[in-house]
Protein chains: 2
Amino acid sequence: MLNNVSDLDSVFHALADPGRRLMLERLGQGPASVSELGKSLPMSLAAVVQHVQVLEASGLVRTQKLGRTRMCSLNLVPLWSAERWISERRAFVERILDRLGQYLAETTDTPTNAGDTL
Amino acid sequence: MLNNVSDLDSVFHALADPGRRLMLERLGQGPASVSELGKSLPMSLAAVVQHVQVLEASGLVRTQKLGRTRMCSLNLVPLWSAERWISERRAFVERILDRLGQYLAETTDTPTNAGDTL
């Protein structure tokens, strides 16, 4: 798991670009070369390389040179960390909202005395 | 839910800064004014305002002017969307890895004939 603040910074930064998210979706189906990653994207090979470097810096993608080809593969660990960060915050807020809802339901259910000012 | 690619871009971009993530954690406990949000952060009020604008643009934070105070509150919907995007991709890859593991286990269990080339 990633524990450092800066690790999460780089993961969310990597996820903030639609082209990089498409690359991750492609890598979800299995490893691919850098040029394969760029095939369905409207960008130059140089731009693809730059995006791959951002993904590699975030830890979401691992690359390996095989002859003259750089192969890329997906690393799930940073995805788990990003997902966990979001889900923990969401769950925390939802618990507060649940308690608030419960409190409101209880106080609404309490019968008011006739003549009470509403 | 957010469906547009650009919405997810801005949500992940907003989450990519540690100061903005701290602001979201603070807002998870309830609404706060812009100056309250900046209290525990080592930055100027002008910087806090800029971060709040990024959070507001992503939809993660809603703001409302009450007199001379701008109050901020957390909006969970973009968090759900970001979480869903990550969890769907992770689950997809994990299913592939599970099937691969199952395939490997099955092929490993198959007895090889004596004399087979390994």
Side-chain angles (χ1 to χ4, degrees), chain A residues 1-32 41-42 51 54-55 57-58 60-62 73-100, chain B residues 1-32 41-42 51 54-55 57-58 60-62 73-100:
Chain A
M1 284 289 171
L2 307 178
N3 294 313
N4 289 339
V5 165
S6 59
D7 291 333
L8 272 179
D9 291 2
S10 63
V11 172
F12 285 127
H13 170 63
L15 292 174
D17 182 88
R20 289 197 290 268
R21 289 201 301 277
L22 283 174
M23 291 178 182
L24 292 175
E25 293 196 18
R26 165 61 192 83
L27 291 175
Q29 299 165 34
L41 294 171
H51 282 305
V54 173
L55 289 168
S58 73
L60 286 161
V61 163
R62 290 182 179 135
S73 58
L74 185 62
N75 178 22
L76 283 182
V77 177
L79 270 189
W80 289 329
S81 301
E83 186 182 8
R84 194 175 62 163
W85 188 91
I86 293 177
S87 66
E88 283 176 356
R89 272 71 196 169
R90 179 191 45 71
F92 178 76
V93 176
E94 284 176 347
R95 279 197 300 276
I96 291 177
L97 293 177
D98 282 348
R99 282 205 297 270
L100 179 65
Chain B
M1 285 289 170
L2 307 178
N3 294 313
N4 290 338
V5 165
S6 59
D7 291 334
L8 272 179
D9 291 2
S10 63
V11 172
F12 284 127
H13 170 63
L15 292 174
D17 182 88
R20 289 197 290 269
R21 290 201 301 278
L22 282 174
M23 290 177 182
L24 292 175
E25 294 196 16
R26 166 61 191 83
L27 290 175
Q29 299 164 35
L41 294 171
H51 282 305
V54 173
L55 289 168
S58 73
L60 286 162
V61 163
R62 289 182 180 136
S73 57
L74 185 62
N75 178 22
L76 283 183
V77 178
L79 271 189
W80 288 330
S81 302
E83 187 182 7
R84 193 175 62 161
W85 187 91
I86 294 178
S87 66
E88 283 176 356
R89 273 69 195 171
R90 181 192 44 73
F92 177 76
V93 176
E94 283 177 347
R95 279 197 300 277
I96 291 178
L97 293 177
D98 281 349
R99 282 204 296 270
L100 179 64

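Convention: sequence-line order gives letters A, B, ...; per-chain numbering from 1.
Of the atoms belonging to A:Leu27, not a single heavy atom falls under 4.5 Å from chain B. Proximity to chain B is absent for every atom of A:Glu88, based on heavy atoms less than 4.5 angstrom apart. Heavy atoms of A:Leu76 lying under 4.5 Å from chain B belong exclusively to its side chain.
The shortest side-chain heavy-atom distance between A:Arg90 and B:Glu83 falls under the 4.5 Å cut-off. Under the 4.5 Å side-chain criterion, counting only non-hydrogen atoms from C-beta, A:Val11 is not in contact with B:Phe12. Two residues are said to be in side-chain contact when any heavy atoms from C-beta on lie closer than 4.5 Å; B:Asp17 and A:Asp9 fail this criterion. Side-chain contact check for B:Arg21 versus A:Leu8: some heavy-atom pair is nearer than 4.5 Å.
Here the CG atom belonging to A:Leu15 is positioned 9.5 Å from the CG atom belonging to B:Leu15, to the nearest 0.5 angstrom. Once rounded to the nearest 0.5 Å, the distance linking CG of A:Leu79 with CH2 of B:Trp85 reads 6.5 Å.
Closest of all the heavy-atom pairs between B:Ile86 and A:Ile86 is CD1-CD1, 4.1 Å.
Between B:Glu94 and A:Trp80, the side chains place a donor N or O and an acceptor N or O closer than 3.5 Å (distance only, hydrogens not considered).
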